[in-house]
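Heads up, the thing below is written out as structure tokens.
Lettering of chains follows the sequences in order, A, B, ..., and the numbering in each one begins at 1.
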Amino acid sequence: MKPSIPQGTRDFSAEVVRKRQFIFKTISTVFERYGYHPLETPAMENLETLMGKYGEEGDRLIFRILNNGLDHPKKQEQARVDFEKVLEGKNVPGISERALKYDLTIPFARYVAMNHGQLSFPFRRYQIQPVWRADSPQKGRYREFYQCDADVVGSKSLLNEVELTSIYMEAFALLKVPVEIKINSRKMLSALANACGGQEYLTDITVAIDKLDKIGIEKVKEEILRKGLTEEQYSIIEKYLHISGSPAEQLEKAAALLGSEPLCEAAIAEIRFILDYADKLSSPESLFVDFTLARGLNYYTGIIFEVKAKGVKMGSIGGGGRYDELTATFGVPNIPGVGISFGVDRIYDVMEELGLFPESLKSGARLLFFNLGEKETKFAFSLAQELRSKNVAAEIFHETAKFDKQFKYAEKKNIPFVAIIGSKEMESNTVMVKNLATGEQQSIPANELAAFFESK
RNA sequence: GAGGGUGUAGCUCAGCUGGUUAGAGCACCAGAUUGUGGUUCUGGGGGUCGUGGGUUCGAGCCCCAUUAUCCUCCCCA
């Protein structure tokens, strides 16, 4: 048979794994600095935990796991009856009661609901794990991909939003990715909806203006009018979308337009709270107020975030916001929260495009010992062991072979140095070390080899 | 869920309006070169042309089906 992997999944080769781990490690280091703790949850959850949390569309994309033992003679009859129901589109525990997790937020909510007695609030956690979606794959979309989330629950303080903003700034600074961090408040959008027709239009308006930079203002207008708003009502939206200027000016203009709405006042207070901390953040120039920012998800209730990479054509590489009642669906009310996520796969693509990964991630071993025969290899082996004990990665070529072959191996594996030990070297107790990039070689006493590499 | 493109050597792909024995580059192996690579040269191994049918004297090429994969829209990260 021809080997293959399931559609929408990937193997990661050595270099890719190192680069991805570099991203994970950088981000988690920043999370830890702010007192966020790691959490891991199982790949699979009970189907019941996940169903109904992601909307109709989302439910269809959940990977369900078939129960074991359906072929057991005692169960076969029941399985047939149950399967008929599955064909009608129902979920039947007899056929499937587990599913692969679809995101990290719902499992986190489940965890908090299960353990809220033991947790001390506010509870901060970060989580970097794969999730699975039975979507049809295309460019930049996979059936297995990683999410990287940080959330704090059990606190309404806007200081959390400030810190999450700061986390974005620090993490992207460490990764050297130039970004724009956009913020808005969902309350501002609610105020807008109230001003032009009422809350029942909130979702329609949000969905439409969220697409602004994708489809252009004309299409946004079309879409909004199609939803039943009048030209007059739309004119308020148009004015809203044209608000510009410095953050302070933006807030003023918004107040002038929607000031009569109490929610607008609340929104302005939230945004102003964050802006008041701007001078204490590491890169305030990357923070922007963007009233057109809406985020697709409807569960956000306060501040919302979105991060875009500068100088690259790419969707957002991070996003998040405040939500209320994360755990209410699991019977534990009154736990508000706010969280952000990093789009790891897209960050990878951006960094690859801009050449931001450190060179050191490319090679494994620093040194390859040539294999020139049995005696020589024994000599090389003890030297290699010494290097390894001093944390210098070293490899010995696996069999005696022509120089040509061993050189090519080193080159392919991006190993920068080779060590040649033949009878001459063994006699004088030295090692011939060659730098492959420059072609220079020098004879180094065997007992100084480790020091030579440790100093590099 | 809707709509496109592509399946030929390990990889990337040529292959004319259907016409003898299906090619190239890279990779691999051997040699020129028994302790100094990246260049060059010579030789070599490798393919039931995704699968199944059909049209034809003749199909890698045309038709139908099927399957895999990539992409666009919807939605999302």
Side-chain angles (χ1 to χ4, degrees), chain A residues 1-10 13 23 53-62 89 101-105 127-149 203 207 210-211 214-215 219 223 294-298 305-309 314-320 339-350 368-373 375-376 380 397 400-427 430-443:
Chain A
M1 71 170 262
K2 240 187 178 171
S4 63
I5 55 174
Q7 191 185 28
T9 65
R10 297 160 289 173
S13 63
I23 296 174
K53 309 299 193 297
Y54 307 106
E56 209 176 308
E57 182 82 3
D59 284 355
R60 283 199 296 121
L61 300 182
I62 293 172
K101 69 174 167 236
Y102 179 89
D103 73 351
L104 300 180
T105 308
Q127 198 169 348
I128 302 174
Q129 284 191 277
V131 300
W132 294 268
R133 295 186 186 177
D135 211 349
S136 83
Q138 48 188 269
K139 196 177 178 67
R141 182 195 288 181
Y142 303 97
R143 292 183 141 187
E144 176 186 73
F145 61 96
Y146 276 71
Q147 290 194 330
C148 175
D149 286 11
T203 305
V207 167
D210 192 40
K211 295 186 203 158
K214 234 187 200 175
I215 61 176
K219 295 253 174 183
E223 192 163 328
R295 307 274 314 151
L297 297 168
N298 274 319
F305 302 95
E306 194 157 292
V307 183
K308 293 203 83 167
M314 177 82 69
S316 70
I317 55 174
I340 57 173
S341 89
F342 287 78
V344 173
D345 292 282
R346 283 183 177 174
I347 292 171
Y348 180 95
D349 290 343
V350 169
L368 174 73
F369 286 94
F370 272 21
N371 187 325
L372 304 187
K375 270 190 239 162
E376 291 85 347
F397 196 76
T400 307
K402 296 204 302 185
F403 271 49
D404 178 68
K405 208 172 169 183
Q406 307 200 40
F407 270 122
K408 279 185 178 162
Y409 177 84
E411 203 172 273
K412 254 190 218 163
K413 291 280 181 82
N414 271 310
I415 299 173
F417 293 92
V418 300
I420 300 165
I421 301 169
S423 48
K424 277 183 251 165
E425 284 79 12
M426 282 176 70
E427 242 169 64
T430 58
V431 181
M432 189 61 81
V433 173
K434 178 158 183 165
N435 181 328
L436 289 187
T438 63
E440 287 167 33
Q441 61 180 37
Q442 53 180 310
S443 176

[N] and [M]: how far apart are their [atom1] atoms, nearest whole angstrom?
| N | M | atom1 | value |
| --- | --- | --- | --- |
| U48(B) | G54(B) | P | 22 Å |
| G4(B) | G10(B) | C1' | 30 Å |
| C62(B) | A2(B) | C1' | 28 Å |
| C63(B) | C75(B) | C1' | 36 Å |
| A22(B) | U40(B) | C1' | 29 Å |
| G52(B) | C13(B) | C1' | 26 Å |
| G19(B) | G15(B) | C1' | 14 Å |
| U21(B) | G58(B) | C1' | 15 Å |

Atom [atom1] of [X] and atom [atom2] of [N]: how far apart are they, to the nearest Å?
| X | N | atom1 | atom2 | answer |
| --- | --- | --- | --- | --- |
| Lys405(A) | G31(B) | NZ | P | 10 Å |
| Asp103(A) | C76(B) | CG | P | 13 Å |
| Ile62(A) | C75(B) | CD1 | P | 19 Å |
| Asp149(A) | A77(B) | CG | P | 10 Å |
| Trp132(A) | C76(B) | CH2 | P | 22 Å |
| Ile421(A) | U36(B) | CD1 | P | 17 Å |
| Gln441(A) | U36(B) | CD | C1' | 7 Å |
| Asp135(A) | G1(B) | CG | P | 11 Å |

Side chain of [X] only, heavy atoms from C-beta on: which candidate in [options] is closest?
| X | options | answer |
| --- | --- | --- |
| Lys139(A) | C75(B), A77(B), U72(B) | U72(B) |
| Leu436(A) | G37(B), U36(B), C70(B) | G37(B) |
| Ser136(A) | U36(B), G1(B), G37(B) | G1(B) |
| Lys402(A) | C76(B), C29(B), G31(B) | G31(B) |
| Phe407(A) | U69(B), G37(B), G35(B) | G37(B) |

Determine: side-chain N/O of Gln138(A) to OP1/OP2 of U72(B), distance under 4.0 Å, yes or no. yes
When you measure from the side-chain N and O atoms of Lys434(A) to the phosphate of G38(B), is any distance below 4.0 Å, counting only OP1 and OP2? no
Scan every strand shown for a Watson-Crick or G-U wobble partner of [N], both distances under 3.5 Å, and answer none if you come up empty.
| N | answer |
| --- | --- |
| A9(B) | none |
| G35(B) | none |
| U48(B) | none |
| G43(B) | C29(B) |
| C74(B) | none |

Let's go through Val350(A) and Ile347(A) carefully: what are the C-alpha distance in whole Å and the side-chain angles of both, what is the deciding distance for side chain to side chain contact (heavy atoms under 4.5 Å, CB included) to 0.1 Å, and is it a yes or a no? CA-CA 5 Å; Val350(A) 169; Ile347(A) 292 171; 5.7 Å; no
Under 5.5 Å between ring centres and under 30° between planes: true for Phe145(A) and the base of A77(B)? yes
Look up atom [atom1] in [X] and atom [atom2] in [Y], then write down how far apart they are to the nearest 0.5 Å.
| X | Y | atom1 | atom2 | answer |
| --- | --- | --- | --- | --- |
| Gln127(A) | Asp149(A) | CD | CG | 7.0 Å |
| Gln147(A) | Asp345(A) | CD | CG | 10.0 Å |
| Asn435(A) | Glu440(A) | CG | CD | 6.5 Å |
| Met432(A) | Lys424(A) | CE | NZ | 7.0 Å |
| Leu368(A) | Lys413(A) | CG | NZ | 9.0 Å |

Keeping Arg143(A) on the side-chain end and Asp135(A) on the backbone end, is there a donor-acceptor pair under 3.5 Å? yes
Mind checking [X] for me? I need base, sugar-phosphate or nothing, with any heavy atom below 4.0 Å counting as a touch.
| X | result |
| --- | --- |
| Glu376(A) | nothing |
| Gly58(A) | nothing |
| Leu61(A) | nothing |
| Gly343(A) | nothing |
| Tyr142(A) | base |
| Arg133(A) | base |
| Ser341(A) | nothing |

Taking the nucleotide of RNA chain B with the closest heavy atom to each, which residue, Lys412(A) or Met432(A), is nearer the 5' end? Lys412(A)
Toward the 5' end of RNA chain B, by each residue's nearest nucleotide, Glu411(A) or Arg141(A): Glu411(A)
Give a yes or no on whether a donor-acceptor pair under 3.5 Å exists between the nucleobase atoms of U36(B), that is its base, and the side chain of Gln406(A). no
In Phe407(A), Phe370(A), Tyr409(A), the residue satisfying side chain to side chain contact (heavy atoms under 4.5 Å, CB included) with Phe397(A) is Tyr409(A)
